[in-house]
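Computed from a predicted model, the values in this text were never measured in an experiment. Chain A is the first sequence line, chain B the second, and so forth, proteins listed ahead of strands; every chain is numbered from 1.
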Amino acid sequence: MSTYTIPVGPLHVALEEPMYFRVQVEGETVVGLDITAGYVHRGMESLVMQRNIYQNITLTERLCSLCSNNHPCTYCMALEKIAGIEVPERAQYLRVIADEIKRIASNLFNAGILAHIIGFDSLFMHVMEIREIVQDTKETIYGNRMDLAVNCIGGVRYDLSDEKIKYIRKQIDRLKKPLEEIIDIYMNNKFVRARTEGVGVLPKEEAVRYGVVGPVARGSGIDYDVRVKSPYAAYDKIKVNVHVENGSDVRARAIVRLREIQEAVNIIELCLKELPDGPTCIDHLPEIPAGEAIAKSEAPRGELIYYLRTNGSDKPERLKWRVPTYMNWEALNVMMPGNKVADIPLIITSIDPCISCTER
Amino acid sequence: MEMMDKLQKRFGDMISEVEESIQPAIWVTKENLLRVMEALKEEDEFNFKLLADLTGADYEDHMEVVYHLMNLDNCQLLRVKTKLDKNNPEVDSLSKLWKAAVIQEREAYDLLGIKFAGHPNLKRILCPDDFEGHALRKDFKLNQRAAK
């Protein structure tokens, strides 16, 4: 059979983010893939070198919407390493709470999109309705539904009163039951299983070779989570149960994400219980000396790395972030071939691509 | 640092330590880069199986490529830097050792114009194919493009 090349994208392949694939097909089956990136390249890497260190906290938060809390958090951690700043304990717990709330919202969004792509729109609505509980919580606690503006150098910019703690507890309790319901649907519903099982397989060896991270790695049986392996903020004091699946397919990755939501709920409850007293931020504006550091965190999509070099002035000399999607992106070359054309958007969603952070 | 001693013992003159660094970091000359990297990846003593990050940087008098390697067993990070000539930034590609290097080297080439010898597909990734110049270089002028 002869091979044809068809374009997929750049508009609205799986999400409302531009990505362009030239797919080689034999009949209905994908045999090759060529990825073209760069549609939302905004030159932010250059921009951060023209803004001062404090302005960059705001700027990095605007890299992307779904993992927006991880970017300033990791950036601040890199700065704190260079300046040798000790973050107050209460602030470390508060960072974890913000991190996990964003993780719930992000993973639920991805689960919803998956349902939408396989044509199960009532499930999509159901998931988005649950997500609304999280969005409301964010709006009440932080004042924003997406960008939380939580982090600053040496701590956080919000505090939880007893009343707010009670409110978060109540909201989290409301999440639990519907979460179990939707997880049951994702795991056992015939139609969902038929569309996700055995689709977009990424074997473990290939996953290691491509260096994939986050739920994509854990869906392929790799037990790697930054929160456990090299803990930051308060994760060294909190037990995180990492959920690993061996299915290596779209279904495995979806289940890992859904289980992570449940784990995030537990982590938030634990943090609220153990939240220590004390200040939430250091009490002075620190001076940042010359130096270079690397900071890592577990974003909803996987390991996020910040490499920062300062020269003693108020502007960074070099700031580079390696986002999780960057590593998972290339692994599509393994996942796609052999699958049907109709499954392309599904497989792309299963790596939960975030094009805005990837192309910066 | 324990790691530093081990590295010094194994590689001797091929590497030198980076000053004032919080994490272990070494300089490697570009001639020795491939040899050192291969040893860091394959030898059990080091076992840095993952290329976590690869980036370039443009400074006043030189350019450099910064690699971050990670040991997956104990999650230790090692920073490896190599200095390049500003007029002819060229270095060996690591794509033979790590698949993950392919896409990251393309980005360093696109934004900084660093050439990676032996790369299977060294073309632009973020900027369009007909873009002139390299956008992250210090001498890159946006106005020049607008004036055309």
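- Per-residue counts of heavy-atom pairs under 4.5 Å with chain B were compared for Ser230(A), Ala293(A), Gly84(A); the largest is that of Ala293(A).
- The contact between Gln104(B) and chain A is made by backbone and side chain atoms together, counting heavy-atom distances below 4.5 Å.
- For Tyr307(A), the part lying near chain B is the side chain, with the backbone staying farther off; criterion is any non-hydrogen pair under 4.5 Å.
- Residues Leu136(B) and Met49(A) form a side-chain contact, since some pair of their non-hydrogen atoms from C-beta on lies under 4.5 Å apart.
- Comparing Leu51(B), Ile103(B), Val66(B), Asp53(B) by heavy-atom pairs within less than 4.5 Å of chain A, the highest count is held by Ile103(B).
- Looking at Ile82(A), both its backbone and its side chain come within 4.5 Å of chain B, counting heavy atoms on both sides.
- Only the side chain of Leu111(B) comes within contact range of chain A, with heavy atoms under 4.5 Å apart.
- Within 6.0 Å of the CD atom in Glu86(A), the count of heavy atoms belonging to other residues, nucleotides or ligands does not exceed 12.
- More than 12 heavy atoms of other residues, nucleotides or ligands sit less than 6.0 Å from atom NZ of Lys86(B).
- Atom OH of Tyr109(B) and atom CG of Leu126(B) lie 13.0 Å apart (nearest 0.5 Å).
- Side-chain contact between Val102(B) and Phe116(B) is absent, with no heavy-atom pair separated by less than 4.5 Å.
- Only the side chain of Leu77(B) comes within contact range of chain A, with heavy atoms under 4.5 Å apart.
- In this structure, the portion of Lys320(A) lying under 4.5 Å from any heavy atom of chain B is its side chain and not its backbone.
- Under the 4.0 Å criterion applied to side-chain N and carboxylate O atoms, Lys81(B) and Glu64(B) are assigned as salt-bridge partners.
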